[in-house]
Amino acid sequence: MVFSLVLLLAFVLVSPTLHSYLEQQQELAELRAQVAAAKARNDELRDDLGRWDDPAYVAAQARERLSFVLPGEKAFRVLDPEAVPDTPAVDAGPSSTVLDTGATQPWYTTVWESVEIAGTAPAEDLAPTSPTPTGGPTP
């Protein structure tokens, strides 16, 4: 009976400490897993950063992301007929040149064409109106 009581008392005293220890070990394992994942991500980002030192990689990214071509080359855009839905053409009247060809041209061509169109606006629309004098009443 005394031995059972001593064992029960030892269990009551050791149980919370053992429980805390096991929780801390589990948390430590989770944190180690997070550190390993962060190190793997860091290595991946360093590899990606190192690729940008290669001029061939930079040229390939410029071609892919910005649709750049070298002088003398022609750019073609091939659309997959299965990816493009069949929609009937709607004739909504006259439209600007920028909107008609903007989908097939790179973005910088569209911007340049809009600058050219803006530069051909009539001068009388852009002329400022004569300001009234601010010194007093007008005669």
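The structure presented is a predicted model; accordingly, all values stated were derived computationally and were not measured. Position 1 is the first residue of the sequence; numbering continues from there.
Across all their heavy atoms, Ala75 and Val69 have their closest contact at CB-CG1, 3.6 Å.
Atoms OG and OH, from Ser67 and Tyr108 in turn, are 7.0 Å apart once rounded to the nearest 0.5 Å. Atom-to-atom distance recorded for Leu49:CG and Glu44:CD is 12.5 Å, nearest 0.5 angstrom. Distance check: Tyr21 OH to Leu28 CG gives 9.5 Å after rounding to the nearest 0.5 Å. The structure places CG of Leu8 at 9.5 Å from CG of Leu13, a figure rounded to the nearest 0.5 Å. With rounding to the nearest 0.5 angstrom, the CG atom of Leu31 is 11.0 Å from the CD atom of Gln24. Put simply, NZ on Lys74 and CZ on Phe76 are 6.0 Å apart, with the number rounded to the nearest 0.5 Å.
With contacts defined as side-chain heavy-atom distances shorter than 4.5 Å, the pair Leu22/Gln26 does not qualify. At a threshold of 4.5 Å between non-hydrogen side-chain atoms, the residues Val58 and Arg51 do not count as touching. Contact of the Tyr57 side chain with the Asp48 side chain is registered, since non-hydrogen atoms from C-beta on lie closer than 4.5 Å.
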Please walk me through it: do Arg63 and Glu73 pass side-chain contact (heavy atoms from CB on, under 4.5 Å)? CA-CA 12 Å; Arg63 285 173 173 263; Glu73 293 180 343; 3.1 Å; yes
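Other residues, nucleotides and ligands place no more than 12 heavy atoms under 6.0 Å from the CH2 atom of Trp107. Residue Phe68 places its CZ atom among more than 12 non-hydrogen atoms of other residues, nucleotides or ligands, all under 6.0 Å distant.
Under a 3.5 Å cut-off, the side chain of Ser114 and the backbone N or O of Val111 do form a donor-acceptor pair.
Between Arg32 and Glu27 there is no salt bridge, since no side-chain N of the basic residue sits under 4.0 Å from a carboxylate O of the acidic one.
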